[in-house]
Amino acid sequence: MPPSKNAKAAISPTRAEDFPGWFQAVVKDAEVAELAHVRGSMVIRPWGYAIWELMQAELDRAIKATGSHNAYFPLFIPLSYLEAEAGHVDGFAKEMAVVTHHRLEADPENPGHLRPGGELAEPLIVRPTSETIIGKSFAKWINSYRDLPLMINQWANVVRWEMRPRVLLRTTEFLWQEGHTAHADEGEAREEMERMLDVYREFAEGFLAMPVVTGEKSAEERFPGAVTTLSIEAMMQDGKALQAGTSHYLGTSFAEAAEIEFSDREGGRQLVHTTSWGVSTRLLGALIMSHSDDDGLRLPPSVAPSQVVIVPILRGDAAPEVAAAAEELASELRGRSFGGAPVRVTVDGRDRGPADRRWEWVKKGVPVVIELGPRDLESGELAVRRRTALEGKPESVGREEFVAGVEGVLTEIQRGYFDTAAARLESRTARDITDLEDFRRWFEGDEGDSTMGGFVRAPWSEAPESLPILEELKASVRCLPLDQQLPPGSTCVLTGKPAVVEAVFGKAY
RNA sequence: CGGGGAGUGGCGCAGUCUGGUAGCGCACUCGGCUGGGGGCCGAGCGGUCGCAGGUUCAAAUCCUGUCUCCCCGACCA
């Protein structure tokens, strides 16, 4: 619904009024995604999918650069595969889609309707992740130490039957990339796990302008079946944490389950050490909650399907001339580059009022919108409006100057988003909370309250009795940061016991 | 699975208590005026009121059953 003329913000509710509601509205108004008529499932709309494709392209390049190759494995996994790894079963059993039949037949008790027929001898599950089925292939492909390391990546959809779906953040079906590698020893496998976390960190920070904390997951938050789970954690504008990517060292348990063995140099039989790592379409949600404002989506230029939109003001006799000028400007801009690729430009000459068109692109997060009318043709200037400066009049820039400097403009916007997010992460991470009272106060803000504290970085004992305290505050250990700064003799912020590690605490999505 | 709420044109809703043949805003279509902060006027299109059964001369409205969705809690990329 379009806001009234006098509305200050294009999105209702605003972040301060209702953060989750704001998020939904941004997603909807930007035409990124919407809930489908299937419970918990979403439709990713063209604008949202284009963003995902840009992410995919960049990440795919980075993954391949580490030596992994893309492949595709089955959607259906025999139940017995899952059963083979105990930890895995515990983690996923409660959220499985199970296929038990393979045909439909007329239902005699309910004319006009169909019912499942042809029961399967062994039920199939729809993959929640592919460790088990990829393991089967690995077992077949790996015979010798010469076959290692084996590094595979898959772009796929997965299904986890979530109790409480939220568009883009937690849906029953989502898209992701899952890497699976097998190595001769633990050291090599752990290196792979760390290398991929680094790929994710660079991608999040460099491409999505989203600063992250890198760390190890506590035992409670670890991936089911993993020995070690590393993650990148981003802070949303409401101070809550969002796990944006994970990388696991799986030890030899999946190798045992799928019998992935190889002959070493001495002719002995050994189990491989495996890793897995992934990021999902949840990144779209993270991106939105990191950068957007009360006027809608704000896209870093790197992931903006259109980086510059030209809105020609077509009226009267000058219309053909303006239309031609818009196309010419677009083509010149496409001759410039940003991030090593041609600048992406859209000319929006639809038969609607210019303000109407412009606001649509504002809400879609386009970094720069230029309105081009007869006046500009005469003056040789452009009315340039950056997504970061919607107030007041547009900036007036000489046409040639703008074209020549467009890469700089986009770079500035990209950097600005990162700097803003980084400043938020820094200022809303408390490093000086030492006792439980302050800790409680920090986290006691209302749900959805954007003034809620944020992260707390503090010494932790890992003692079991600290967990109920966190639960009560709806907070959790987000990670044990890789850059540990635990002063000797520290005591646990929750229990007062001797601390063994420095932890980042937060509320999480 | 527990606790709340809701199903009425594409979207958002009113009407339901006190049965009487469906209405509003937005969107959409057409015409005109407009057009650089998302505009105005006029004329239109569009709904068997979630589904099934019942009560009644008459049901969006009352009764019974059923399905679905949303919100809150336990689980999670």
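Labels below follow one simple rule: chain letters A, B, ... track the order of the sequence lines, proteins then strands, and each chain is numbered from 1.
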Side chains of [X] and [Y]: donor-acceptor distance under 3.5 Å anywhere?
| X | Y | result |
| --- | --- | --- |
| A/Glu192 | A/Thr275 | no |
| A/His180 | A/Ser276 | no |
| A/Trp460 | A/Ser466 | yes |
| A/Glu85 | A/Ser253 | yes |
| A/Thr129 | A/Arg127 | no |
| A/Ser231 | A/Gln243 | no |

Does [X] have any side chain to side chain donor-acceptor pair (under 3.5 Å) partners at least two apart in sequence or in another chain, and if so, which?
| X | result |
| --- | --- |
| A/Asn70 | A/Asp60, A/Asn153 |
| A/Thr228 | A/Arg190 |
| A/Thr172 | none |

Quote, to the nearest angstrom, the [atom1] distance that separates [N] from [M].
| N | M | atom1 | result |
| --- | --- | --- | --- |
| B/G5 | B/C51 | P | 23 Å |
| B/C13 | B/U8 | P | 9 Å |
| B/A22 | B/A59 | C1' | 13 Å |
| B/A60 | B/U16 | P | 14 Å |
| B/C41 | B/G46 | C1' | 22 Å |
| B/G47 | B/G42 | P | 25 Å |
| B/C62 | B/G25 | P | 26 Å |
| B/A27 | B/C40 | P | 9 Å |

Is it the case that B/G36 (base atoms only) and A/Arg375 (side chain only) share a donor and an acceptor within less than 3.5 Å, ignoring hydrogens and angles?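 Under the 3.5 Å cut-off, the side chain and the base do form a donor-acceptor pair.
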
Is there a donor and acceptor pair closer than 3.5 Å between the side chain of A/Arg160 and the base of B/C76? no

Looking only at the side chain of [X] (C-beta and beyond, no hydrogens), which of the listed nucleotides [options] gets closest?
| X | options | value |
| --- | --- | --- |
| A/Arg385 | B/A77, B/G37, B/C75 | B/G37 |
| A/Ala10 | B/G38, B/A77, B/G36 | B/G38 |
| A/Lys28 | B/C76, B/C11, B/G37 | B/C11 |
| A/Glu162 | B/G37, B/A77, B/G36 | B/A77 |
| A/Arg282 | B/G36, B/A77, B/G38 | B/A77 |
| A/Phe174 | B/G36, B/A77, B/G38 | B/A77 |

[atom1] of [X] versus [atom2] of [N]: gap in Å, rounded?
| X | N | atom1 | atom2 | value |
| --- | --- | --- | --- | --- |
| A/Asp29 | B/G38 | CG | C1' | 12 Å |
| A/Lys507 | B/G73 | NZ | P | 11 Å |
| A/Leu284 | B/A77 | CG | C1' | 13 Å |
| A/Lys364 | B/G38 | NZ | C1' | 15 Å |
| A/Glu131 | B/A77 | CD | C1' | 12 Å |
| A/Phe223 | B/A77 | CZ | P | 9 Å |
| A/Glu472 | B/A74 | CD | P | 13 Å |
| A/Trp359 | B/G39 | CH2 | P | 12 Å |

Of A/Leu390 and A/Lys94, the one whose closest RNA chain B nucleotide lies more 5': A/Leu390

Once the angle between the rings of [X] and [Y] is folded into 0 to 90°, is it parallel (under 30°), tilted (30 to 60°) or perpendicular (over 60°)?
| X | Y | answer |
| --- | --- | --- |
| A/Tyr417 | A/His291 | parallel |
| A/Phe174 | A/Trp176 | perpendicular |
| A/His273 | A/Tyr249 | parallel |

Find every protein N or O atom lying less than 3.5 Å from an N or O atom of nucleotides 30-35 of chain B, and list the pairs.
from	atom 1	to	atom 2	distance (Å)
B/G35	N2	A/Arg352	O	3.4

Within the 4.0 Å heavy-atom criterion, would you say [X] contacts the bases, only the backbone, or no part of the nucleic acid?
| X | value |
| --- | --- |
| A/Gly373 | base |
| A/Leu283 | nothing |
| A/Thr171 | base |
| A/Glu371 | base |

For nucleotides 66-72 of chain B, give me one character per nucleotide, 5' to 3': B if any protein heavy atom sits under 4.0 Å from the base, S if the only such contacts are to the sugar-phosphate, - if neither. ---SS-S

Anything below 3.5 Å on both distances counts as a pair; with that, list the stems of at least three consecutive Watson-Crick or G-U pairs involving RNA chain B. B:1-7 with B:67-73, B:10-13 with B:23-26, B:28-33 with B:39-44, B:50-54 with B:62-66

I need the single residue from A/Leu284, A/Leu168, A/Leu169, A/Val27 that forms a side chain to side chain contact (heavy atoms under 4.5 Å, CB included) with A/Met289. Which is it? A/Leu169

Separation of A/Leu470 CG from A/Lys507 NZ (nearest 0.5 Å): 11.5 Å

